[in-house]
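This report concerns only the one structure given below.
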Amino acid sequence: MPDPRPRRILVTSALPYANGHIHLGHLVEYIQTDIFVRFQKLRGHAVVYLCADDTHGTAIMIRARAEGRSEQELVADMRAAHLADFAGFQVAFDHYGSTDSDANRRLCGELWRALRAKDLVVSREVRQLYDPEAGVFLADRFVKGTCPKCRAADQYGDSCEQCGATYAPAELIDPVSTLSGAVPEVRSAEHLFVTIEALHGFLADWTQASGALDPRIANYLAGHFLGEPLRDWDVSRPAPYFGFEIPDAPGHFWYVWFDAPVGYLAATDEWCAAHGGRLDDWWSRDPAGRPAAEIHHFIGKDIVYFHTLFWPAMLEAAGLALPTKVRVHGFLTVNGQKMSKSRGTFILARTYLDHLDPAMLRYYYAAKLSGGIDDLDLNLEEFTAKVNADIVGKVANLASRTARWLEPTGLAATYPDDGGLFAAAAAEGEAIAAAYEAGDFARAMRIVMQAADRANAYIDAEQPWKLAKAGPEAAGRLQAVASVALNLFRQLAVYLAPVLPRLAQQAGDLVGGPIRSWDESATPLVGLPVAAFVPLARRVEPAAIEALLAASRPAEPSEPISKTRTTTQGGPPMTDTPQGSATDPATPLEAEPLAAECTIDDFTKVDLRVARIVAAEEVAEAKKLLKLTVSLGGDVRRTVFAGIKGFHDPATLVGRVVVVVANLAPRQMKFGLSEGMVVAASGAGAEGVFLLSPDSGALPGMRLR
RNA sequence: GGGCCCGUAGCUCAGUGGUUAGAGCAGGGGACUCAUAAUCCCUUGGUCGUGUGUUCGAAUCACACCGGGCCUACCA
């Protein structure tokens, strides 16, 4: 049963900065939030999902200047790109605003007046480096110079990457502005500060006792900030600055981190203007402090203090509602490492969409998100295996293997005896819902996949394909079995609808119409027509992953290719029309199209060597593996497990000269560590695994190039 | 240097005091052929990082150590 009374829930994701495109790291947050929102809507609650572009600040100003156009033009372009990326991943905001909006300017003013009224604003001189040519004050990262500690050259203004020292930009030796190359000078300017220490008691109380924060976050704040007086928060920047000028302080602008969270309010205000209601319906609180609605902020762990100290302080000063929950997630790693452009793992949303189905990433993230602040690893091998097994093999397969039998007849008129399968999965609905509510999507996915396993086992036990061949007398039984299967499929589609909206829609198209409510998981459908089956999700092919990584690597400058081209001069004449080529079957190439283009540098990373097999033995327990020992010359030996059992006799392999990938990362296999890979050909058109051998005379250790 | 998190089967993880520690993937054997090399059944595999303690009883609690990660380092 759903919650008895609809809740009013306002949900936000952090505002993406207008200085860059959305990548897979960003998407952890937006997909996570979108799943939560779709879940709450499916449960019948009144939910508004808001976000906006974060547009202000020095970085935008500088970039616009460099591109020779206005900040507004830059921001508008990036907004269009962001919206397209989000739409591609089915992240469905109810409203997407901008911090550079009238509403935001007005609301910043209102919060500012509240801070002034409570006497929480003070003015102070700040000494900072200034670029006299560009005419701007310089943030630390816009200054470079020589480290005062270790004398390393070309270090940023805040810390040295060589020796790890931290210092003030003014301490740099020979500082240079990265904007103009000019020598910066120290100037002092007036800044405005919010004295949040005045709200120390409130913040200590709210962070520790309100239940809005994970205890780990609360503990972190208590240890790092609340144990001592809170420093004043610098909220203004002197002109020139791209942002809002502070009304009662001409020449001063609100710092980007002041107006960014106000963007949540502005987005709400704009949504209300379009859909009815008032800002107070969502952000006010009654005299007893009870908020008008729930407010859930989803953020990354890098911006915790803005959302748990400054933002609540601003809301408190303005008498607005405080966040119900601040849900913090970790960062994304790819294959266990930070996203890296050179490895091709710095993957933009757009690039992903060019190669793969967004539903697969949504599901993978859901299966990995458990509500904690730990980092989330996108392991591409696991990604491929998991989404193919779960979405294609288990869930979609339920419909794929049974729907066509119901196309002529539709669902059975009464729900057949299924041995309690549907009821069992229905009974798990509340446990799944509780997991979604807690942000433990991984648990929800586990429960759903167990139900999918039971459904597939049911089909195997009932053997509907035999009923289909058994003739008219088995038609009723066939309809019953298929009706059970399709109902179990649709039930799963309801549970998965927050994660896989497209699958849910396709399930509705197939049978029963659009899925509108969580309740639909509780009652099987009967007597309805079943549409012609269309495939629901395509498998992820490893080649597509490779292409994605290749497309994500920075374009290499097209350099010394000329060198390789000249090699043809001294070689044998090129056979422009190789004889007999027309007689080779096209099957292998058609079955496995060429991988994405790679550069010579990519190829060079793979170190192929000639090697001699010095030992080969059966691995008794293995189906496909032989254990080989190869010599790379001298006394360099490698153990390699090769998947060639059944195609090669170990005895005849010993002594053969082959080609191995010599710098492949060692792989722990069940029977031992494999330290390389023997190169062999295989493919469609012919059974077998064909080892490669060099011309005679090649010595172990020689490199292939 | 300080703080926090993690360490359970080859891999990813579930399990937070109570009977012989579980799942998925990978591996092995078999079945099936409806389905996108999908599915089903059976099966191999773990001194639960190490040690000491608390307890009738510890993967689970405490302490120490080892290993990995994240955040900080009197700037936010």
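Proteins get letters first, then strands, A, B, ... in listed order; numbering begins at 1 in each.
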Query raised in the report: Taking for each residue the nucleotide of RNA chain B with the nearest heavy atom, is it Y255(A) or Y220(A) whose nucleotide lies nearer the 5' end?
Result: Y220(A)
Query raised in the report: Which part of the nucleic acid, if any, lies within contact of W233(A), taking any heavy atom under 4.0 Å across all strands shown: a base, the sugar-phosphate backbone alone, or nothing?
Result: sugar-phosphate
Report summary line: Scanning all shown strands, the Watson-Crick or wobble mate of G27(B) with both distances under 3.5 Å is U43(B)
Query raised in the report: Which part of the nucleic acid does Y305(A) contact within heavy-atom distance under 4.0 Å: base, sugar-phosphate only, or nothing?
Result: base
**Report entry** Any strand: nucleotide that pairs with C74(B) via Watson-Crick or wobble, under 3.5 Å
**Finding:** none
Requested in this report: Look at all strands and tell whether N219(A) reaches a base, only sugar-phosphate, or nothing, counting heavy atoms closer than 4.0 Å.
Outcome: sugar-phosphate
Query raised in the report: Separation of L376(A) atom CG from C6(B) atom P, in whole Å?
Result: 16 Å
Report summary line: Whole-Å distance, I459(A) CD1 to C34(B) P, equals 14 Å
Query - Intermediate values then yes/no, salt bridge (Lys or Arg N to Asp or Glu O under 4.0 Å), K301(A) and D214(A) - result: CA-CA 12 Å; K301(A) 63 185 181 183; D214(A) 182 296; over 6 Å; no
Query raised in the report: So what does K466(A) hit on the nucleic acid, given a heavy-atom distance under 4.0 Å: a base, only sugar-phosphate, or nothing?
Result: sugar-phosphate
Query raised in the report: Ion pair present between R124(A) and D232(A), side-chain N to carboxylate O less than 4.0 angstrom?
Result: yes
Query raised in the report: Within the structure shown, what part of the strands sits under 4.0 Å from L536(A) by heavy-atom distance: base, sugar-phosphate, or nothing?
Result: base
Report task. Run the ring-centre check on Y264(A) versus H307(A) and record whether the distance is less than 6.0 Å. Result -> yes
Query raised in the report: With sequence neighbours excluded, what pairs up with A438(A) under the side-chain contact (heavy atoms from CB on, under 4.5 Å) test?
Result: none
Query - Complementary nucleotide of A9(B), counting Watson-Crick and G-U pairs under 3.5 Å - result: none
Query raised in the report: Checking all strands, does N456(A) fall into the base, sugar-phosphate, or nothing category for heavy-atom contacts under 4.0 angstrom?
Result: sugar-phosphate
Report summary line: Separation of C32(B) atom P from L467(A) atom CG, nearest Å, is 16 Å
Query raised in the report: Watson-Crick or G-U wobble partner for C65(B), using a 3.5 Å limit on both distances?
Result: G49(B)
Query raised in the report: Roughly, in whole Å, what's the span from CD in Q128(A) to P in A76(B)?
Result: 13 Å
Grab the N/O contacts between the protein and nucleotides 14-17 of chain B below 3.5 Å, and write none if there aren't any.
from	atom 1	to	atom 2	distance (Å)
G15(B)	OP1	R443(A)	NH2	3.2

Query raised in the report: Under 6.0 Å between ring centres, would you say that holds for F258(A) and W112(A)?
Result: yes
Query raised in the report: Base, sugar-phosphate, or nothing for D453(A), non-hydrogen atoms under 4.0 angstrom?
Result: sugar-phosphate
Report task. Quote, to the nearest angstrom, the C1' distance that separates A59(B) from C13(B). Result -> 14 Å
Requested in this report: Indicate whether the side chain of D509(A) and that of Q505(A) have a donor and an acceptor atom separated by less than 3.5 Å.
Outcome: yes
Requested in this report: Kindly point out which of A76(B), C5(B), C34(B) is positioned nearest to the side chain of R216(A)?
Outcome: C5(B)
Query raised in the report: Using a cut-off of 4.0 Å on non-hydrogen atoms, how would the nucleic acid contact of A537(A) be classed: base, sugar-phosphate, or nothing?
Result: base
